[in-house]
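Data block below; observations after.
Order of the sequence lines sets the chain letters (A, B, ...), proteins ahead of strands, with each chain counted from 1.
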Amino acid sequence: MASGSGSLMWFRKGLRIHDNPALEDAAKGTRFLYPVFVIDPHYMEPDPNSFSPGSPRAGLNRIRFLLESLVDLDLSLKKLGSRLLVLKGEPSEVLIRCLKEWDVTKLCFEYDTEPYYQALDVKVKTYASNAGIEVFSPVSHTLFNPADIIHKNGGRPPLTYQSFVRLAGQPSWASSPLSITVSSLPHVGDVGSCEISEVPTIEELGYGESPQDGFSPFRGGESEALKRLRKSIADKVWVATFEKPKGNPSAFLKPATTVLSPYLKFGCLSCRYFYQCLQDVYRNVKRHTSPPVSLVGQLLWRDFFYTVALGTPNFDQMRGNRICKQIPWNDNDELLAAWRDARTGYPWIDAIMVQLCKWGWMHHLARHSVACFLTRGDLFVHWEKGRDVFERLLIDSDWAINNGNWLWLSCSSFFYQYNRIYSPISFGKKYDPNGDYIRHFLPVLKDMPKEYIYEPWTAPLSVQTKAKCIIGRDYPKPVVPHDSESKECRRKMAEAYTLNQKLKGVVSEEDLKNLRRKLEEHPEQEGKSKRTRQKPVG
DNA sequence: TTGTTGTTGTGAGT
DNA sequence: ACTCACAACAACAA
């Protein structure tokens, strides 16, 4: 390489030093290295019109998590003789300006399957190749290359976990050592007239003082990720016996899972390094659980959703999505708002939504409970609406996985047993009969006796008075009656499935409109349901 | 065409 | 802890 030339390492996800092939390649045989992160105002700057504090796209918790991750990355780079160059603006414009301004012959960044990056990367790659700049964009965010798996399957993604696992086999790097440490990095070259800043604080981005109790207990960054990883894998018995469906969704003092998802999302933790650490544990124990329920199984689920998402046009919507059942969801903004703002009147559901809002994280089964409740279980609201709320508020929200799970839970794809509905009352009770989880996240109910805490509207007024929580005043009545509404949802799902089957999945807007009309013209027959309808809260 | 399988339901009964 | 009825789906393999 000619002297005076440099490489540009463009960080997006993959906010780490360990197992970072793009960074490794960028640093190799170059005199100068420009480690860049571009702050996209659309992702980072305050939007006063959103329903929660944050930008148009991200809630404040995730923005803060990202900033912490960037500070940690900058610190690590500084220890290696470099630093993070933070720039602001539309990412492709900023990147192209840098490439023009700086003496750069190579551009490195981690390959990304999300539509947003696919579109962005085309722009940047086109410029680079016209300018004679070499581009290196390795796959390191997933265990496998999703495109390879789709190719192996004849151009279409596998649609079941088992077929995915069969096709995937062992990762190519499974038994070769990953590059975990970096001893030093080339200096940063002259940055010319490009406006470089330090990692901004949340205040510098324009966010005012935030309520202390609204802050997620999870700190961002690679250092934190590795600390958390070590702590998780130190308990070999726990790792070896881990079974996802058996976790306790109401455990919040000590969550029942690793809570490594936000670190995997931003790439603070390499999924490949995590995988190898787990294999090390498995080698040293007599027996261990296996996919799909084991911890390695969870990483495979992640790759599964990435693969289906890449190979499915319009994966994030119902219309035009060939794997998605067409269902005549309600367009009821009041029900949606009640769910989103934790005032459905079902304490188990509302406590989970409070945890989502405050922590940006909740247990997998808790996510199931509220997603089922919003869609096919009770409210029959469109899964895309719930997806949007999760996408904004979760610190680990991941485009492929979030959409995949909403498709799953709404019985739109992957999973179809719409009769299996999580009860907003008994599901939580099974794990937490005393209601400690509810008491913690909904303090208004903290003195409600455990006999009534999952169904406070059934408590006698004297009990409500004593608990200093009058239902309908201090805490809402149920927004819909679960017994009758869940039956109604089952009926609608059955009708919708029949229609999808009849039309072989090709369901037009008109067909859905007709079905909506039919469902309303022939409501639940009188006397079919033994329950009397509770009056909804008005 | 048929049988098997699918990470994670509820409520009642043993 | 396990079983069953509930009412029953799609994907895949044979």
Side-chain angles (χ1 to χ4, degrees), chain A residues 153-154 156-167 241-251 255-258 261 288-305 307-308 311-312 321-327 346 348-349 352 362-373 375-378 401 404-431 433 454-455 482-505 507 528-531:
Chain A
N153 199 40
R156 290 217 168 181
L159 294 176
T160 64
Y161 182 80
Q162 294 303 341
S163 59
F164 169 82
V165 169
R166 262 198 309 278
L167 277 164
T241 57
F242 183 93
E243 282 185 70
K244 185 66 163 277
K246 292 199 176 157
N248 178 353
S250 70
T257 53
T258 61
S261 53
H288 60 82
T289 52
S290 297
V293 297
S294 65
L295 278 170
V296 160
Q298 306 314 304
L299 286 174
L300 292 168
W301 276 108
R302 180 172 174 272
D303 264 53
F304 168 68
F305 282 127
T307 306
V308 185
T312 307
N321 179 347
R322 68 170 177 240
I323 68 167
C324 183
K325 289 253 181 284
Q326 304 299 304
I327 293 166
Y346 289 94
W348 170 247
I349 299 297
I352 294 167
M362 66 282 208
H363 186 273
H364 187 64
L365 290 177
R367 300 181 193 202
H368 278 213
S369 282
V370 295
C372 178
F373 185 85
T375 58
R376 67 182 169 84
D378 290 85
I401 298 170
N405 277 313
W406 277 96
L407 283 164
W408 185 295
L409 259 299
S410 63
C411 284
S412 296
S413 196
F414 307 115
F415 176 79
Y416 308 95
Q417 280 168 266
Y418 55 76
N419 281 306
R420 295 187 184 172
I421 292 173
Y422 291 88
S423 162
I425 296 149
S426 44
F427 186 72
K429 211 186 266 179
K430 181 166 72 179
Y431 299 96
Y454 284 88
E455 301 165 271
H482 171 68
D483 282 330
S484 58
E485 285 308 294
S486 60
K487 279 201 184 81
E488 184 65 5
C489 284
R490 282 187 171 101
R491 186 178 75 94
K492 289 180 189 166
M493 290 299 284
E495 293 276 4
Y497 267 48
T498 306
L499 183 69
N500 276 265
Q501 199 171 37
K502 201 175 85 189
L503 299 176
K504 295 187 167 59
V507 181
K528 200 179 168 187
S529 163
K530 280 174 227 126
R531 306 270 168 179

Atom CD of A:Gln501 and atom P of C:dA8: how far apart are they, to the nearest Å? 12 Å

dist A:Leu295:CG -> A:His288:NE2 (nearest 0.5 Å) comes out at 11.5 Å

Check every atom of B:dT8, B:dG9, C:dC9 against the side chain of A:Gln417 and return the nucleotide holding the closest atom. C:dC9

Output the rounded distance in Å from CG (A:Asn419) to P (C:dA8). 6 Å

In terms of side-chain heavy atoms of A:Arg420, which of B:dT7, B:dT8, C:dA10 is nearest? B:dT8

In plain terms, say whether A:Glu495 and A:Lys492 are close enough for a salt bridge, that is, a side-chain N and a carboxylate O under 4.0 Å apart. no

Side-chain heavy atoms of A:Trp348 within contact of A:Ser250, under 4.5 Å: yes

The correct list of stems in which DNA chain C takes part (3 or more consecutive Watson-Crick or G-U pairs, distances under 3.5 Å) is B:1-6 with C:9-14, B:9-14 with C:1-6

Nearest to the side chain of A:Ser426 - B:dT7, B:dT10, B:dT8? B:dT10

Name the nucleic acid region contacted by A:Gln162, choosing base, sugar-phosphate or nothing; use a 4.0 angstrom heavy-atom cut-off, strictly under. sugar-phosphate

Quiz question: by atom type and distance under 3.5 Å, do the side chains of A:Tyr346 and A:His482 form a donor-acceptor pair? no

Looking at C:dA8, I'd like to know if its phosphate oxygens (OP1 or OP2) sit under 4.0 Å from a side-chain N or O belonging to A:Tyr416. no

C:dA13 and B:dT7, which share atom name P, separated by this distance in whole Å: 14 Å

How is A:Lys429 classified with respect to the nucleic acid when contacts are heavy atoms under 4.0 Å: base, sugar-phosphate, or nothing? nothing

So A:Ile352 and A:Ser369, do their side chains get closer than 4.5 Å, heavy atoms only? yes

Of all the heavy-atom pairs spanning A:Phe414 and A:Ile323, show the shortest one and how long it is. CZ-CD1, 3.9 Å

I'd like the C1' distance from B:dG3 over to C:dA8, given in whole Å. 15 Å

So does A:Lys430 get a side-chain nitrogen or oxygen closer than 4.0 Å to the phosphate oxygens (OP1/OP2) of B:dG11? no

Aromatic stack A:Tyr418/C:dC9: centroid gap under 5.5 Å, interplanar angle under 30°: no

How would you label the contact of A:Arg367 with the nucleic acid (heavy atoms, under 4.0 Å): base, sugar-phosphate, or nothing? nothing

Candidate nucleotides C:dA10, B:dT8, C:dC12, ranked by approach to the side chain of A:Tyr422 - the nearest: B:dT8

How many Å lie between CG on A:Leu407 and C1' on C:dC9, as a whole number? 16 Å

Nearest-Å distance for atom pair OH/P, residues A:Tyr161 and B:dT5: 18 Å

Rounding to 0.5 Å, atoms NZ (A:Lys325) and CG (A:Leu407) come to a distance of 11.5 Å

Answer with base, sugar-phosphate or nothing: what part of the nucleic acid does A:Phe414 contact at a heavy-atom distance below 4.0 Å? nothing

